[in-house]
Asks: 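Below you will find the structure I want to go over with you.
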There are 2 protein chains.
Amino acid sequence: MESRDFVTYDVFRRSCPSHTVLEVLSNKWLYLAMMALRSGRHRFTDLQRRLEGVSPKMLTQTLRGLERDGLIVREVFPVVPPRVEYELTPLGREFARLLGQICDWAIANVPEILEARERYAGREK
Amino acid sequence: MESRDFVTYDVFRRSCPSHTVLEVLSNKWLYLAMMALRSGRHRFTDLQRRLEGVSPKMLTQTLRGLERDGLIVREVFPVVPPRVEYELTPLGREFARLLGQICDWAIANVPEILEARERYAGREK
DNA sequence: CGGCATCCTTCTCGATACTG
DNA sequence: CAGTATCGAGAAGGATGCCG
């Protein structure tokens, strides 16, 4: 296991770890959770309120995945009622910055994309 | 329809167009198709070969979506056997550049992410 | 409050076969 | 070659109820 990276990563190959990572990251709730956490620490309920339409199940699942991959940390306060906070790690902040660029781009180009869709729909048969 | 952007886009709101756009973009095959097209024009079969494991159905669906949103153009040559080529639009190139950064980041951080996963798995009960 | 367990529906996706 | 059509498995995701 102490192998160096003597193989070339190839996101196109299903067996390549980079492919798997990309697959995990291609997820709407993951995007949104990362975006929400850019503004700092947040409690579970805060996130649930911010991510309109997310079920507790999906939010938990998403946050667990992010924690597993080292992109966020989860802190549990031993109080009643329970209090759990989530925060980006340095690695997570890097990634969130890139996702932020995607979001910014998406927002900036919504009009153009919607126009393209109308054009496309308009020339059907 | 001639409305200016007097509303504030909010990716967290399900009804916001930017949310829809983000949702569409959260897709593995879309990522990979865009990456493959960064190197120029490609035929359907070329793409199918490049994207390991993609079925013709999913590839068609992915490419249609990208075409619909104005990110790629599809050119059909009236020959036998058929020849169809796909190419990024200027808008698509912009977006592909951002996705490329995500890919690069993913590849660069595969080791760190895999380590995080092992740590996470290791401290389970 | 912040989950987890369970059930159940939906729907994506892959495999396969076929066609202009 | 570049798709389309069809089918079925399996995963994703919502709803609900319970618990520390």
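Letters go in sequence order (proteins before strands), and every chain restarts at 1.
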Asks: Looking at the side chain of A:F44, which of D:dC1, C:dG3, D:dG3 is the nearest nucleotide?
Replies: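 Output: C:dG3.
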
Asks: How do A:N27 and B:P82 order along DNA chain D: which one's closest nucleotide is nearer the 5' end?
Replies: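 Looking at the nearest nucleotide for each, B:P82 comes out on the 5' side.
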
Asks: Given the rule in the side-chain contact (heavy atoms from CB on, under 4.5 Å) test, do A:I102 and B:F95 qualify, once you have shown the distances and angles that lead to the verdict?
Replies: CA-CA 8 Å; A:I102 301 275; B:F95 182 57; 4.2 Å; yes

Asks: Between D:dA2 atom P and B:E67 atom CD, what is the distance in whole Å?
Replies: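 The answer, rounded to whole Å, is 15 Å.
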
Asks: Which residue is it: B:R41, B:R74, B:E75? I am looking for the one with a side chain to side chain donor-acceptor pair (under 3.5 Å) to B:Y86.
Replies: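 Single side chain to side chain donor-acceptor pair (under 3.5 Å) partner of B:Y86 among B:R41, B:R74, B:E75: B:R74.
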
Asks: Give the intermediate values and the outcome of side-chain contact (heavy atoms from CB on, under 4.5 Å) for residues B:R117 and A:D69.
Replies: CA-CA 5 Å; B:R117 287 185 185 175; A:D69 288 352; 2.6 Å; yes

Asks: For D:dC1 and B:R43 - does any side-chain N or O of the residue sit under 4.0 Å from the phosphate oxygens OP1/OP2?
Replies: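 B:R43 to D:dC1 OP1/OP2: no side-chain N or O under 4.0 Å.
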
Asks: Using whole Å, what does the distance between atom C1' of nucleotide D:dA2 and atom CD of B:E75 come to?
Replies: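 Value for this atom pair: 15 Å.
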
Asks: Check every atom of C:dC13, D:dA2, C:dG3 against the side chain of B:M58 and return the nucleotide holding the closest atom.
Replies: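 Looking only at side-chain atoms, B:M58 lies closest to C:dC13.
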
Asks: Please compare A:R83 and A:R14 by the position of their nearest nucleotide in DNA chain C and report the one closer to 5'.
Replies: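 Nearest-nucleotide comparison on DNA chain C picks A:R83.
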
Asks: Select from A:W29 and B:T60 the residue whose nearest nucleotide in DNA chain D is closer to the 5' end of that strand.
Replies: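 The residue mapped nearer the 5' terminus is B:T60.
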
Asks: At under 4.0 Å, does any side-chain N or O of B:R64 touch on OP1 or OP2 of D:dA2?
Replies: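 For D:dA2, neither OP1 nor OP2 has a side-chain N or O of B:R64 closer than 4.0 Å.
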
Asks: Within this structure, what is the CD-to-P distance between A:E52 and D:dG13, rounded to whole angstrom?
Replies: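 Distance, rounded to whole Å: 17 Å.
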
Asks: Donor-acceptor check, side chain of A:S26 to backbone of B:S26, threshold 3.5 angstrom: yes or no?
Replies: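 Not a single qualifying donor-acceptor pair exists.
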
Asks: In sequence, state the C-alpha distance, the side-chain angles, and the governing distance for B:F77 and B:R43, and then conclude on side-chain contact (heavy atoms from CB on, under 4.5 Å).
Replies: CA-CA 11 Å; B:F77 297 85; B:R43 301 184 61 171; over 6 Å; no

Asks: Test for a donor-acceptor pair under 3.5 Å between the base of D:dG14 and the side chain of A:K57, counting only N and O atoms.
Replies: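 Per atom types, the contact qualifies.
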
Asks: Within the pair A:S55 and D:dG13, is there a side-chain N or O less than 4.0 Å away from OP1 or OP2?
Replies: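 So the side-chain polar atoms of A:S55 never come under 4.0 Å of the phosphate oxygens OP1 or OP2 of D:dG13.
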
Asks: What is the distance, rounded to the nearest whole Å, between atom CG of B:L47 and atom C1' of D:dA2?
Replies: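 About 12 Å, once rounded to whole Å.
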
Asks: Name the nucleic acid region contacted by A:Y86, choosing base, sugar-phosphate or nothing; use a 4.0 angstrom heavy-atom cut-off, strictly under.
Replies: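 Sugar-phosphate contact only.
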
Asks: To the nearest Å, give me how far apart CD (B:Q61) and P (D:dT4) are.
Replies: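 It works out to 11 Å between those atoms.
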
Asks: In whole angstroms, how far is the P atom of C:dT12 from the CG atom of B:L59?
Replies: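 Computing the B:L59:CG to C:dT12:P distance gives 18 Å.
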
Asks: Is any side-chain N or O of B:R49 closer than 4.0 Å to OP1 or OP2 of D:dC1?
Replies: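 No, outside the criterion.
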
Asks: Can you check the B:Q48 CD to C:dT16 P distance for me, whole Å?
Replies: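 In whole Å, C:dT16 P lies 14 Å from B:Q48 CD.
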
Asks: Can you check the B:R74 CZ to D:dA2 C1' distance for me, whole Å?
Replies: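 Result: 8 Å.
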
